[in-house]
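Each remark here refers to the structure printed beneath this line.
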Amino acid sequence: MRQRPPLPPGPYLVVGLGRSGVAAAGARREHGEVIACDAGRPEPAPELDGVEIVLGNDGAGLLDRVRTLVKSPGVPASARVVREARERHLEVTGELELGWRLIPNEHVAVTGTNGKTTTVELLGAIHRAAGAPVRVAGNVGTALSSLVGSIEPDATVVCEASSFQLEDSDAFAPECALLLNLSEDHLDRHATIAAYHRAKQRPFRRQRSEDVAVAPSALRPPGAGRFISFGAPDADLAHRDGELRWRGEPLMPAAEVRLRGPHNLQNAMAAAAASLARGLPAEAVRDGLATFGGVAHRLEEVARRDDVLFVNDSKATNVASARVGIEAFDGGVHLILGGSLKGGGFAELRPMLTARCRAAYLIGQAAERLAEDLAGAAPLHLCGDLDAAVAAAARAAEPGDVVLLSPACASLDSYASFESRGEHFRELVRG
């Protein structure tokens with residue numbers, strides 16, 4: 001196990017009491033005084049017993065009492081408390097960074113614009129098929145810091161790492177880092193594509209020569225890690241002649257990968273490459289790829305009504321993710337798009353709409369921008385909200401068609417999270 005850098009000095013101020021902030025505050029209690037604050041008024045979490053909690057407060061007035069600010073991923077660098085902390089030369093770090101420093105286990109970090117959650121869970125399935133202890137963490141529902149004190153010493157941590165988490169890291173150097181893909185996303189947060197890409201590359205820059213760096217051949221990241229490529233015909237893990245091949249040797253027929261869609265074949269190759277490069281047996285990789293059926297809210301088949309398939313792809317919160325969701329179906333798609341804007345446009349979806357969609361049903365804050373960018377690509381219907389869109393799509397769909405919620409937008413104009421949006425879609429379909 002790699003020795004970690006020391007923790008930054010306490011006392012600590014944890015800003016933001018979502019899942020990550022609660023986990024960070026709970027883990028930090030054993031290492032110094034902790035104050036936790038949130039500009040809103042969330043319900044107190046039982047994990048925070050013994051922590052001073054200040055609600056309805058952005059934290060700027062608490063900085064005199066602390067030496068380190070622990071920033072939840074949802075708190076932007078432009079927030080007043082973060083700006084003032086840096087002006088005072090306080091330590092500013094993130095929950096992912098501190099969780100990693102407190103957990104000495106081997107880490108496999110998965111990043112990229114799309115496919116992170118699916119690939120993390122697939123890696124977990126491969127480890128379990130190999131009988132290897134594993135814990136999955138990150139945006140998949142378990143904050144990394146929540147594993148402190150409870151994880152088995154020999155377990156591998158497979159951790160989803162978002163750009164928001166990575167921009168707050170300064171020493172994070174996983175034994176294996178995996179970059180799935182890169183496209184335009186989160187410009188409302190990072191401002192430029194270059195800044196977004198730099199955040200995604202941070203875990204690779206700090207790796208050592210004995211570490212593993214996995215990425216498509218065209219996206220080789222900077223750093224000293226041993227590079228393992230996937231995807232291209234000449235890659236370490238390649239798709240050629242209908243087979244997945246590991247360094248030229250057959251691994252399994254591509255058709256036996258259970259996950260739907262060409263993008264998921266890329267995710268499967270990435271997970272296989274990372275697993276094989278780290279010494280997991282090929283049999284376990286084949287078993288994991290052949291049996292893993294996917295994650296909630298990502299091309300999740302909710303129901304079939306009168307031979308119409310209803311699919312929840314609420315996790316498709318950007319254009320690239322929505323595009324690959326549409327590509328998973330040959331045609332006959334009634335597509336529900338919209339939500340809150342994140343920066344950037346939607347014109348990239350035009351070819352997919354023309355080729356595969358019977359109509360698109362537009363909802364939320366982004367509806368008018370979607371209508372402008374997609375005019376003429378397919379019939380467009382301004383529906384207002386998800387209830388109306390599901391009802392309209394269900395009325396129009398014919399046997400053999402697909403009603404697909406793949407919004408290409410965040411959910412925060414109407415829902416607390418993409419999970420809440422997907423759960424509402426499920427309720428509407430099943431009801």
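Start at 1 with the first residue, then count along the sequence.
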N/O donor-acceptor pair under 3.5 Å between Ser321 side chain and Thr317 backbone: no

Looking only at non-hydrogen atoms, find the nearest pair between Thr93 and Pro8 and report the distance. CG2-CG, 4.5 Å

Using a 3.5 Å distance criterion without hydrogens, assess whether the side chain of Ser72 forms a donor-acceptor pair with backbone atoms of Gly16. yes

Could you tell me whether a side-chain N or O of Arg205 sits under 3.5 Å from a main-chain N or O of Gly223, the two making a donor and an acceptor? no

To the nearest 0.5 Å, how far apart are CZ in Phe172 and SG in Cys159? 5.5 Å

Check this for me, if you would: do Glu95 and Lys71 make a salt bridge, where the nitrogen-to-carboxylate-oxygen distance has to be below 4.0 angstrom? no

Check ion pair Arg135-Glu152 (N to O, under 4.0 angstrom): yes

Judged by modelled atom types alone, do Asp401 and His334 share a side-chain donor-acceptor pair under 3.5 Å? yes

Treating Ser275 as the side-chain partner and Ala271 as the backbone partner, does any N or O pair qualify as donor plus acceptor under 3.5 Å? yes

By side-chain hydrogen bond (donor to acceptor under 3.5 Å, both in side chains), which residues pair with Arg286, not counting sequence neighbours? none

So that I can tick it off, tell me whether Arg278 and Glu175 are bridged by a salt bridge, with the cut-off set at under 4.0 angstrom between side-chain N and carboxylate O. no

Short question: side chain of Arg298, backbone of Ala316 - any donor-acceptor pair under 3.5 Å? no

Any side-chain heavy-atom pair from Cys37 and Leu13 closer than 4.5 angstrom? yes

Are the side chain of Asp38 and the backbone N or O of Gly40 linked by a donor-acceptor pair below 3.5 Å? yes

If only atom types and distance count, is the side chain of Asp413 paired as donor or acceptor with the main-chain N or O of Gln365 below 3.5 Å? yes

Have a look at Thr111 and tell me which of Gln165, Glu160, Lys200 forms a side-chain contact (heavy atoms from CB on, under 4.5 Å) with it. Lys200

Please collect all salt bridge (Lys or Arg N to Asp or Glu O under 4.0 Å) contacts where either partner lies in residues 245-254, sequence neighbours excluded, each pair once. Asp236-Arg247, Glu243-Arg245

Count the heavy atoms of every other residue, nucleotide or ligand shown that sit under 6.0 Å from CD of Glu210, and state whether that count exceeds 12. yes

Give a yes or no answer on whether the side chain of Asn181 reaches the backbone of Asn114 with a donor-acceptor pair at less than 3.5 Å. yes

Are the side chain of Arg4 and the backbone of Leu98 linked by a donor-acceptor contact shorter than 3.5 Å? no

Within the 4.5 Å heavy-atom criterion, are Arg356 and Leu335 side-chain neighbours or not? no

Looking at Asp168 and Gly94, would you say the former's side chain and the latter's main chain have a donor-acceptor pair under 3.5 Å? no

Ion pair check, Asp211 and Arg226, cut-off under 4.0 Å: no

Could you state the interatomic distance from CZ (Arg304) to CZ (Phe310), rounded to the nearest 0.5 Å? 10.5 Å

